[in-house]
Amino acid sequence: LSTKVGPMKNYLWLGALAGLLALPAGAQLWRKSKVDVKAGSSAGPIFVGQPLGKATLKYLGKASQEEAATEEVGSGSMVFGSGDSRDLRKGFLLRMNDGTKPDNVYTIQVKGIRAATKEGVYLDGPASLITKKYPDAQQDINPFSRNPEYCVPGLTIRTKAGKVEEFLIEPKDSQRWRFRRLTVVPGVKVGPLEVGKPVPAEAFQQLGPPAVDTKPTRAPNSGLLRWAVAGQRPDRMIEVVLHNGMNPRAVVSVRVRGIRAQTDRKVKLGDPADTVKDRYPDGRPGLSDG
């Protein structure tokens with residue numbers, strides 16, 4: 001069955017694209033159809049990690065605002081609909097340059113139109129559906145709107161007044177640090193990050209690029225790596241201090257908050273204090289070595 005169904009879907013999709021090519025340049029078909037949203041992948045015929053082809057541009061119509069990409073990832077933008085790159089009101093906001101090619105789509109924002117995920121969460125629908133359809137979604141507070149948002153790999157669902165307001169489709173591994181399960185060994189390591197040793201290449205493969213990368217100076221504790229959600233005091237983060245006084249690349253300390261981490265004695269972030277006392281009977285209140 002699978003050998004027949006796959007090619008048939010391809011033929012149907014190619015047929016749909018051929019139909020789109022026959023439409024006038026400013027058709028904006030998205031205004032009249034429902035957009036299927038897939039985490040880490042696509043919104044309708046717009047695909048993360050791919051350039052905009054002729055059929056997709058026919059579907060989108062003319063951009064209302066456009067800014068060319070620089071060498072920086074996500075530096076370009078294209079707005080299809082109303083609003084701008086800072087405040088999308090209706091339609092699509094595409095961030096361009098995925099780090100491979102400047103004309104590749106990096107992220108897709110969708111707002112104010114008929115759009116839904118295959119799991120059944122849809123724009124303007126009840127926000128209560130999100131945790132039912134995505135039980136593993138991580139809830140955050142958007143630092144700009146101060147409204148709740150929910151994140152799963154490759155998709156952030158933003159809400160307002162109890163309703164789904166916006167989808168943000170990203171590469172599946174763009175925030176992989178927040179979904180990685182890390183084991184903490186006191187005084188020794190957090191996942192691939194070992195105290196007293198340089199940060200290995202494996203850490204960046206597992207966690208992705210850090211949001212903050214401050215190169216160490218000659219002073220101890222002067223280097224900083226931070227993987228974090230947006231905000232001045234991020235609720236989810238991995239923070240690494242570098243330079244132990246001898247080696248500027250050596251890890252001095254690692255701090256984690258709001259992620260999937262647990263110690264080698266099975267104490268998880270969010271566990272009650274009684275669990276800590278039970279698993280660490282030799283522990284004392286206050287800071288301890290390691």
Side-chain angles (χ1 to χ4, degrees), residues 9 12-13 16 28-50 52 56 59-60 74 77-83 85-95 98 105-181 208 228-231 234-236 258-260 270:
K9 286 184 177 179
L12 291 173
W13 179 238
Q28 295 188 330
L29 186 63
W30 54 269
R31 292 182 180 273
K32 299 179 181 180
S33 60
K34 189 182 80 169
V35 176
D36 294 324
V37 170
K38 297 180 181 179
S41 174
S42 61
I46 313 166
F47 288 86
V48 170
Q50 296 183 22
L52 299 176
T56 304
Y59 173 88
L60 291 169
S77 65
M78 298 180 75
V79 177
F80 297 90
S82 59
S85 60
R86 293 186 177 183
D87 182 23
L88 176 67
R89 292 194 292 274
K90 182 176 182 178
F92 300 89
L93 167 57
L94 311 184
R95 299 287 181 187
D98 65 346
V105 175
Y106 179 53
T107 63
I108 310 166
Q109 288 173 242
V110 188
K111 186 177 180 180
I113 64 175
R114 291 179 60 213
T117 69
K118 64 178 181 179
E119 287 76 13
V121 175
Y122 55 96
L123 290 182
D124 205 36
S128 57
L129 270 179
I130 299 170
T131 52
K132 292 179 181 179
K133 301 295 184 178
Y134 298 96
D136 294 329
Q138 297 180 359
Q139 181 178 348
D140 298 310
I141 297 296
N142 186 290
F144 306 105
S145 68
R146 305 307 301 169
N147 292 319
E149 63 181 26
Y150 300 80
C151 186
V152 295
L155 179 66
T156 298
I157 305 172
R158 294 171 175 158
T159 70
K160 182 179 181 180
K163 291 189 174 183
V164 178
E165 183 183 39
E166 185 176 63
F167 293 127
L168 170 62
I169 303 99
E170 305 174 283
K172 266 191 178 174
D173 59 355
S174 61
Q175 296 191 70
R176 55 187 179 270
W177 61 270
R178 64 189 285 168
F179 301 103
R180 178 73 58 176
R181 296 184 185 276
V229 295
D235 294 323
R236 302 184 193 279
I259 63 169
R260 297 175 177 178

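Values below: every heavy atom of this structure, side chains too, minus hydrogens, waters and symmetry copies.
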Once rounded to the nearest 0.5 Å, what's the spacing between atom NZ of K38 and atom NZ of K172?
10.5 Å

Any non-hydrogen side-chain atom of M78 less than 4.5 Å from a side-chain atom of F92?
no

Could you go through R146 and I141, starting from their C-alpha distance and side-chain angles, then the distance that decides it, and tell me whether this counts as side chain to side chain contact (heavy atoms under 4.5 Å, CB included)?
CA-CA 6 Å; R146 305 307 301 169; I141 297 296; 3.8 Å; yes

Side chains of I113 and R31 in contact at under 4.5 Å (non-hydrogen atoms)
no

Are any non-hydrogen side-chain atoms of V152 and D136 less than 4.5 angstrom apart?
no

Within the distance-only criterion (no hydrogens, no angle test), does the side chain of T56 pair as donor or acceptor with the backbone N or O of I46 below 3.5 angstrom?
no

Ignoring hydrogens and angles, tell me if any N or O in the side chain of R158 forms a donor-acceptor pair with the backbone of E165 under 3.5 Å.
no

Dump the intermediate steps for side chain to side chain contact (heavy atoms under 4.5 Å, CB included) on V35 and F167, then the final yes or no.
CA-CA 11 Å; V35 176; F167 293 127; over 6 Å; no

How far does CG of D140 sit from OH of Y150, to the nearest 0.5 angstrom?
10.0 Å

Once you round to the nearest 0.5 Å, how far does CD1 of I130 lie from CD of E119?
12.0 Å

Mind listing the closest non-hydrogen atom pair of D98 and V105 along with its distance?
CB-O, 3.9 Å

Given side chains that start at C-beta, do those of K133 and I157 come closer than 4.5 Å, heavy atoms only?
no

Can you find a pair of side-chain heavy atoms, one from L52 and one from L94, that are under 4.5 Å apart?
yes

Heavy-atom side-chain proximity of I169 to S42 below 4.5 angstrom
no

Shortest non-hydrogen contact between A39 and P153, atoms and distance:
CB-O, 3.6 Å

Contact between Q28 and F80 at the side-chain level, heavy atoms closer than 4.5 Å - yes or no?
no

Distance-minimising heavy-atom pair for R178 and I259
CA-CG2, 4.4 Å

For the residue pair S174 and E170, what are the closest heavy atoms and their distance?
OG-CB, 3.4 Å

Between S82 and R89, is there a donor-acceptor pair closer than 3.5 Å when you use the side chain of the first and the backbone of the second?
no

Between Q138 and R260, does the side chain to side chain contact (heavy atoms under 4.5 Å, CB included) criterion hold? Intermediate values first, please.
CA-CA 10 Å; Q138 297 180 359; R260 297 175 177 178; 4.0 Å; yes

When rounded to the nearest 0.5 angstrom, what distance separates CG in L123 from CZ in R114?
11.0 Å

One should read off an interatomic distance between E149 CD and N142 CG, to the nearest 0.5 angstrom, of 4.5 Å

Side-chain heavy-atom pair L60, W30 within 4.5 angstrom cut-off
yes

List the steps, then state whether side chain to side chain contact (heavy atoms under 4.5 Å, CB included) holds for Q109 with R95.
CA-CA 8 Å; Q109 288 173 242; R95 299 287 181 187; 4.1 Å; yes

What is the distance from atom OG of S41 to atom CD1 of I108, rounded to the nearest 0.5 Å?
8.0 Å

Nearest atoms (heavy-atom pairs only) where L129 meets G120
CD1-O, 3.8 Å

Shortest non-hydrogen contact from S85 to L93?
O-CD2, 3.5 Å

Ignoring hydrogens and angles, tell me if any N or O in the side chain of K111 forms a donor-acceptor pair with the backbone of L88 under 3.5 Å.
yes

